[in-house]
Number of protein chains: 2
Amino acid sequence: MAKAWHLISRPTGLPTMANFALRDLPDAPLESDQLRVRNLWLSVDPYMRGRMNDAKSYAASFQIDQPMTGGAIGEVIESRLDGFAPGDLVLHMGGWRDGGVIGLDMMPNKLPAAALAAGMTPQTFLHNMGLTGGTAWIGLLRIAAAKPGDVVFVSAAAGAVGSAVVQIAKAREMTVIGSAGGAEKCTWVSALGADAVIDYKGGPVLPALAAALQKLGKGGVDVYFDNVGGEHLDAAFATASDFARFAICGMIDVYNDGKAQEMKYLIRAIPARIRMEGFIYTDQFIDCMEEFYADMGALIAGGAVTMRETVHDGLEATPQAFLGLFSGDNIGKMLVRL
Amino acid sequence: MAKAWHLISRPTGLPTMANFALRDLPDAPLESDQLRVRNLWLSVDPYMRGRMNDAKSYAASFQIDQPMTGGAIGEVIESRLDGFAPGDLVLHMGGWRDGGVIGLDMMPNKLPAAALAAGMTPQTFLHNMGLTGGTAWIGLLRIAAAKPGDVVFVSAAAGAVGSAVVQIAKAREMTVIGSAGGAEKCTWVSALGADAVIDYKGGPVLPALAAALQKLGKGGVDVYFDNVGGEHLDAAFATASDFARFAICGMIDVYNDGKAQEMKYLIRAIPARIRMEGFIYTDQFIDCMEEFYADMGALIAGGAVTMRETVHDGLEATPQAFLGLFSGDNIGKMLVRL
């Protein structure tokens, strides 16, 4: 019998284990257009925090006492869906569980055989070839329209999205300044090719960013890829070059506490003519998925884009893995391996 | 002998009379490509505050002990510039003075005879047919890409730019919510055609904006035209519809004090996919001046766009007129008549 994590109460502020319960899923014979899967990898992502609120957002709220959902890679056990056979590996939205019945509402997609045959791991479709890599690619190249020669500042550069941004930007001949928390993460961001790395745990962001720009001989930030908000975003406003573009992907600093952000340099939007734009992967993905898969696939195959995985083992560890996103536990992509 | 207001010290915070001195301009025979003018109208505008700082900005700083500049309408007294003759009315940048020598650096342009013959007043080229009307038109239609049916929120709607935004938006069949300070201004904004008016001196902006939207049966703000920043901007983030566009024209709330803006709802940039863009008239104007003059000229001639003028008399009154911009003294365009 499959089990799934259920949301049993809505968190206020940072979620705790008390908000979740692992419960059995009802067993049922397959209906037409359904699959039964055994999950191999589960994704936990910061955007899921928003879905735990009862607020209107771009993604529907999780319902109380219902199983949670999220990106997952599963192996098909039984199929009543055309084109899917036992043994197939599928990407689908029935995560936070060890398996069970997957209908069309969970958007199952077979992993491409050619990519797997070429050595790409299945879980790559939960990061660089999926949500986080796609978010990085779309935000950097489409929303911020970054181009060779631009100075790119990316916050949470050791995270799944941020580390992809660093590598895509370097592959496109941009100058990259990343921020990360702590020496280990900063070392990794440097190893990814960032031209400068700021340890935001070492002091205020703005003086460190200004010093990095000066050391690199650059006058300002052309593109800011925001995963954090707050002090990072304000520092980007402070140092933005004329006609800078900010792609606002996440504000993990304020997901849980909802406190006001103190923006001292927001007024620079006018003299520097800054364009700031919030975006969501799913809005943009359909229009550019073909180009994204081709481009990102080539970058991964050529070794220009890699990923480090922070792996928790076992379904029981899923909420801890999720909570770790908010305490900076992950380097690269946080995953649960079943 | 002509006189001009000179900047004699850089203000910190709100400027005072002590920052300015009225001094004689040197008398000199005209060189080639110069005009001598007698000024009739001077413009004072909020952007001039930025030029009083010694900071890098889009417009060069005013220099200490040098005459200030700004938009003005003058009559040509003497000309060594081809195409200009005594009696011509010219728009030029040699403001804050009663006249004197005007070179090409002051960008003299003859007012179009046809418009004047049709009854347009000369000072219209200092507001609706000039900087403030152009800023409104570009910000609303180009930067925010507002279209018929949109819900437009505009702050400082009784100001020169804001009142033009209200009227252009109504002429384009948009729903308009304006904010202004005090009953007299609010009455005028209503008379301009705004569907709802918020008196920001009557309490916090956000509840008033939310109530106005509800009363109008609208779910949110599609376009925000920002002249104020701070609480107004945050209220726009709070009530923005999906894919809302914010044209950031001014932040008069923070021009003088430089304090941090407390943004509680900035995070909605992501779920609502808000695009916020700062802009400056002079960047955009060349590309669209022909369309702007044709469109705005027709709106003015047809009575769809009008302007109220707050007029101070005499060169001596110029600094007070300028300072009045920051205490909300003006309804419509603040002008000095000589």
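Between the CD atom in Q261(A) and the CZ atom in F237(B) there is a gap of 9.5 Å [rounded to 0.5 Å]. Separation of atoms NZ (K259(B)) and NZ (K264(A)) is listed at 10.5 Å; rounding is to 0.5 Å.
Remark: Q63(B) pairs with R10(B), S61(B), Q66(B) by the side-chain contact (heavy atoms from CB on, under 4.5 Å) rule, at least two apart or across chains.
Per-residue counts of heavy-atom pairs under 4.5 Å with chain B were compared for D234(A), D283(A), D226(A); the largest is that of D283(A). In terms of heavy-atom pairs under 4.5 Å with chain A, the best-connected choice from A269(B), G229(B), G278(B) is G278(B).
Side-chain atoms of M276(B) and R275(A), non-hydrogen and from C-beta on, never get closer than 4.5 Å to each other. The shortest distance between side-chain heavy atoms of I274(B) and E277(A) does not fall below 4.5 Å. Looking only at side-chain heavy atoms (C-beta outward), Y47(B) and I270(A) stay at 4.5 Å or farther from each other. Between L233(A) and L266(B) there is a side-chain heavy-atom pair separated by less than 4.5 Å.
Contacts between F246(A) and chain B at a heavy-atom distance below 4.5 Å are absent for every atom of the residue.
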Name every donor-acceptor pair, under 3.5 Å, that has one atom in a side chain of residues 133-144 of chain A and the other anywhere in the protein, sequence neighbours excluded.
unit_1, atom_1, unit_2, atom_2, d
T135(A), OG1, L131(A), O, 2.6
W137(A), NE1, D295(A), OD2, 2.6
R142(A), NH2, E291(A), OE1, 2.5

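Heavy-atom minimum distance, I280(B) versus R273(A): CD1-NE, 3.5 Å.
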